[in-house]
*Asks:* 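Pasting a structure here, questions to come.
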Amino acid sequence: MGLILETEGKALFRKYNMPLSKSILVTSAEEAKDAAQELGLPVVVKAQVLSGGRGKRGLIKLAKTEDEVIQHAIDILSRTDEKSNKPVTHLLIEEGADIAQEVFVSMVYDSFTLETLVLFSTEGGVNIEELAKERPEAIDHFRIPYGEDVYGYTFMPTLAKRGMKGKAKIVTGNIIATMVKMMEKEDLSLCEINPLVITKDNDVLVLDARIIVDDDSIFRHKEREEYLSEKLRYTDAEAEATAAGLSYVNLGGEIGMLSVGAGLGMATADLIQEFGGTPLNFLDVGGGAGEEKVLKALDIMTRDEGLKSILINAFGGITRLDQVAEGIISAKNKLNLDVPLVIRLMGTNQKEGIALLEDAGLAAYEEMEPAIEAAVKAAKGGQ
Ligand code: GDP
Ligand code: MN
């Protein structure tokens, strides 16, 4: 959970009768062309990725002809979203709007004061960060206590001061009030529309949706477990690790790092860097892990590209180190571990663990720092 896709955010908005353009989710240029025929030109081709600022990175493009739809779809589907580091696999094809004015509305829940902090500006669009820095006075602020009824007219006088009139002002005020209600009813931690547009025909349209759902409320919204954003959030290796109860992050360095306990893992990553090395990945098997988990973690670790050495840092509290040793030995037998392996074991059943490793022809350190130093050296080819 966390950030959801624009198309999922817009589905939530539809439930509250917010004004939206028609749109169709597709996964190929062929489907994009069909969608454009159904919607009518022009359309906007929008990458569905778990990051913002797509417009500035060429991941949102207006298409006025069928050829442009196909070209933009091929182009965007060949891209990797550098912010989330995931390939673009889904596009939202949306009816193009004739924009006269862009409005920004954003709200977050402040769990300290139990209020929804509402921000908006009648000068929205892709340059909102610059506006916030250069002319913060162009952004209006409200704080709404959690659970308080809120109506559109709360915001209308401020919108009027900013030059909005008539229907545009009324609809915009009502949209902001609906978003405040959604924060509570839908358990959102962030709800943002940028831009909310006033069209040349004086219609108001929600063009973008950036929503973060509160992870702790998932039991009230079981359907969110099936969201496409949940599948796109993880690589195959991350999904496999999560299913096995492991924490796994690829960090792009050289040393495969397995720890027992996340805190120890973070300390290990810091120390690797102190000694001049770089962690390739962070794999934590958690307290109480047995042979199976250790084997699985090493299996996932060794599939990452760039592995130069492996460091296993195990402190046995509830975890039994003889079981950790069994996992390491079974990985050595079953996997292709063709890089230097450095092991540190300290704690519960340490003696038994070290004896098992020795029988299998493996050595272990007791102290952490010499082990880390050895793993860094080995990664640099100095073993
Ligand atoms: P973001 O950059 O990830 O926030 O993506 P948005 O959905 O906000 O799109 C970026 C920008 O593309 C918007 O601020 C608009 O200026 C523009 N845009 C999006 N949809 C349309 C549309 O239907 N018509 C036109 N003319 N521009 C659009
Ligand atoms: Mn936007």
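What you see is a predicted model, and the numbers here were worked out from it, not measured in a lab. Numbering of ligands and ligand atoms starts at 1, following listing order.
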*Asks:* Within the structure, does Gly125 bring an N/O atom to less than 3.5 angstrom of an N/O atom in ligand 1?
*Replies:*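 No; every N/O pair is 3.5 Å or more apart.
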*Asks:* Does any N or O in the side chain of Glu186 come within less than 3.5 Å of the main-chain N or O of Met182, such that one atom is a donor and the other an acceptor?
*Replies:*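 Not a single qualifying donor-acceptor pair exists.
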*Asks:* Describe, in one word, how the ring planes of Phe142 and Phe155 are oriented to each other, choosing from parallel (under 30°), tilted (30 to 60°) and perpendicular (over 60°).
*Replies:*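 If you compare the ring of Phe142 with that of Phe155, the planes turn out perpendicular.
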*Asks:* Can you report which non-hydrogen protein atom sits closest to atom 11 (C) of ligand 1, along with the distance?
*Replies:*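 Of every protein heavy atom, Val126 CG1, 3.8 Å lies nearest to atom 11 (C) of ligand 1.
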*Asks:* Can you find a heavy atom in the side chain of Met107 that is under 4.5 Å from one in the side chain of Val180?
*Replies:*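 In contact.
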*Asks:* State the atoms of ligand 1, each with its element, that fall below the 4.0 Å cut-off from a heavy-atom position in Gly96.
*Replies:*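 Result: 23 (O).
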*Asks:* Suppose we measure from atom 19 (C) of ligand 1 to each protein heavy atom; which comes out shortest, and what is that distance?
*Replies:*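 Ranked first by proximity to atom 19 (C) of ligand 1 is Leu207 CD1, 3.9 Å.
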*Asks:* Which pair of heavy atoms, one from Gly277 and one from Ile255, lies closest together, and at what distance?
*Replies:*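 Distance-wise, the nearest heavy atoms are CA-CD1, 4.5 Å.
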*Asks:* What protein heavy atom sits nearest atom 1 (P) of ligand 1, and how far away is it?
*Replies:*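 Going atom by atom, the protein heavy atom closest to atom 1 (P) of ligand 1 ends up being Arg54 N, 3.5 Å.
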*Asks:* Applying salt bridge (Lys or Arg N to Asp or Glu O under 4.0 Å), run through Asp140 and Lys161 and close with a yes or a no.
*Replies:* CA-CA 11 Å; Asp140 292 299; Lys161 242 188 273 165; over 6 Å; no
*Asks:* Which part of Glu102 is near ligand 1, with near meaning a heavy atom under 4.0 Å away: side chain, backbone, both or neither?
*Replies:*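 For Glu102, the contact with ligand 1 is made by the side chain alone.
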*Asks:* May I ask you to identify, for Asn194, whether its side chain, its backbone, both or neither come under 4.0 Å of ligand 1 on a heavy-atom basis?
*Replies:*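 The part of Asn194 near ligand 1 is the backbone, not the side chain.
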*Asks:* Testing the 3.5 Å rule here: is there a donor-acceptor pair between the side chains of Ser84 and Arg233?
*Replies:*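 No, no side-chain donor-acceptor contact under 3.5 Å.
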*Asks:* For ligand 1, note which part of Glu94 has a heavy atom under 4.0 Å away: side chain, backbone, both or neither.
*Replies:*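 For Glu94, there is no contact with ligand 1 at all, from either part.
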*Asks:* Grab the two heavy atoms, one from His221 and one from Ser217, that are nearest each other, plus how far apart they are.
*Replies:*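 Taking His221 first and Ser217 second, the nearest heavy atoms are CD2-O, 3.3 Å.
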*Asks:* Are Asn313 and Thr268 linked by a side-chain donor-acceptor pair shorter than 3.5 Å?
*Replies:*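 Yes - a donor-acceptor pair under 3.5 Å links their side chains.
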*Asks:* Say whether Asp304 and Asn250, considering side chains only, have a donor N or O and an acceptor N or O under 3.5 Å apart.
*Replies:*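 Looking only at side-chain atoms, Asn250 and Asp304 do form a donor-acceptor pair, the distance falling under 3.5 Å.
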*Asks:* Does any N or O in the side chain of Asp98 come within less than 3.5 Å of the main-chain N or O of Lys200, such that one atom is a donor and the other an acceptor?
*Replies:*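 It does not hold such a pair.
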*Asks:* Is there a salt bridge (Lys or Arg N to Asp or Glu O under 4.0 Å) between Arg54 and Glu6? Walk through the geometry before answering.
*Replies:* CA-CA 11 Å; Arg54 295 164 300 165; Glu6 175 192 6; 2.9 Å; yes
*Asks:* I want to know if ligand 1 touches Gly55 in the polar sense, i.e. an N/O pair below 3.5 angstrom.
*Replies:*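 Yes; the residue has a nitrogen or oxygen that sits under 3.5 Å from a nitrogen or oxygen of the ligand.
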*Asks:* Could you check which N/O/S atom of Asp208 is closest to the Mn ion (ligand 2)?
*Replies:*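 Atom name returned: OD2.
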*Asks:* If you have a sec, work out which protein heavy atom is nearest atom 27 (N) of ligand 1 and how many Å separate them, to one decimal?
*Replies:*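 Of the protein heavy atoms, Ile99 CD1, 3.4 Å lies nearest.
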*Asks:* Please list, in number order, the atoms of ligand 1 under 4.0 Å from a heavy atom of Lys46.
*Replies:*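 Every atom of ligand 1 under 4.0 Å from some heavy atom of Lys46: 7 (O).
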*Asks:* Any protein heavy atom sitting closer than 4.0 Å to atom 22 (C) of ligand 1?
*Replies:*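 Yes, because at least one protein heavy atom sits under 4.0 Å from atom 22 (C) of ligand 1.
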*Asks:* Specify the protein heavy atom at minimum distance from atom 24 (N) of ligand 1: its residue, its atom name, and the distance to 0.1 Å.
*Replies:*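 Ranked first by proximity to atom 24 (N) of ligand 1 is Ala97 O, 3.0 Å.
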*Asks:* How many angstroms lie between atom CD1 of Ile175 and atom CG of Leu196, to the nearest 0.5 angstrom?
*Replies:*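 These two atoms lie 4.5 Å from each other.
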*Asks:* Of the protein's non-hydrogen atoms, which lies at the shortest distance from atom 12 (O) of ligand 1, and what is that distance?
*Replies:*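 Checked against all protein heavy atoms, atom 12 (O) of ligand 1 sits closest to Ile60 CG2, 3.8 Å.
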*Asks:* Give yes or no for whether the N/O distance cutoff of 3.5 Å, strictly under, is met between Glu6 and ligand 1.
*Replies:*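 Between Glu6 and ligand 1, no N or O pair is found under 3.5 Å apart.
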*Asks:* Please report which non-hydrogen protein atom sits nearest to atom 4 (O) of ligand 1, along with the residue it belongs to and the distance in Å to one decimal place.
*Replies:*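 Checked against all protein heavy atoms, atom 4 (O) of ligand 1 sits closest to Asp208 OD2, 3.0 Å.
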*Asks:* Please report whether ligand 1 has a polar contact with Lys56, defined as an N or O pair separated by less than 3.5 Å (distance criterion only).
*Replies:*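 Among all N and O atoms of Lys56, none is under 3.5 Å from an N or O of ligand 1.
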*Asks:* If the cut-off is 4.0 Å to any non-hydrogen atom of Pro195, which atoms of ligand 1 fall inside it?
*Replies:*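 Close to Pro195: 8 (O), 13 (C), 14 (O).
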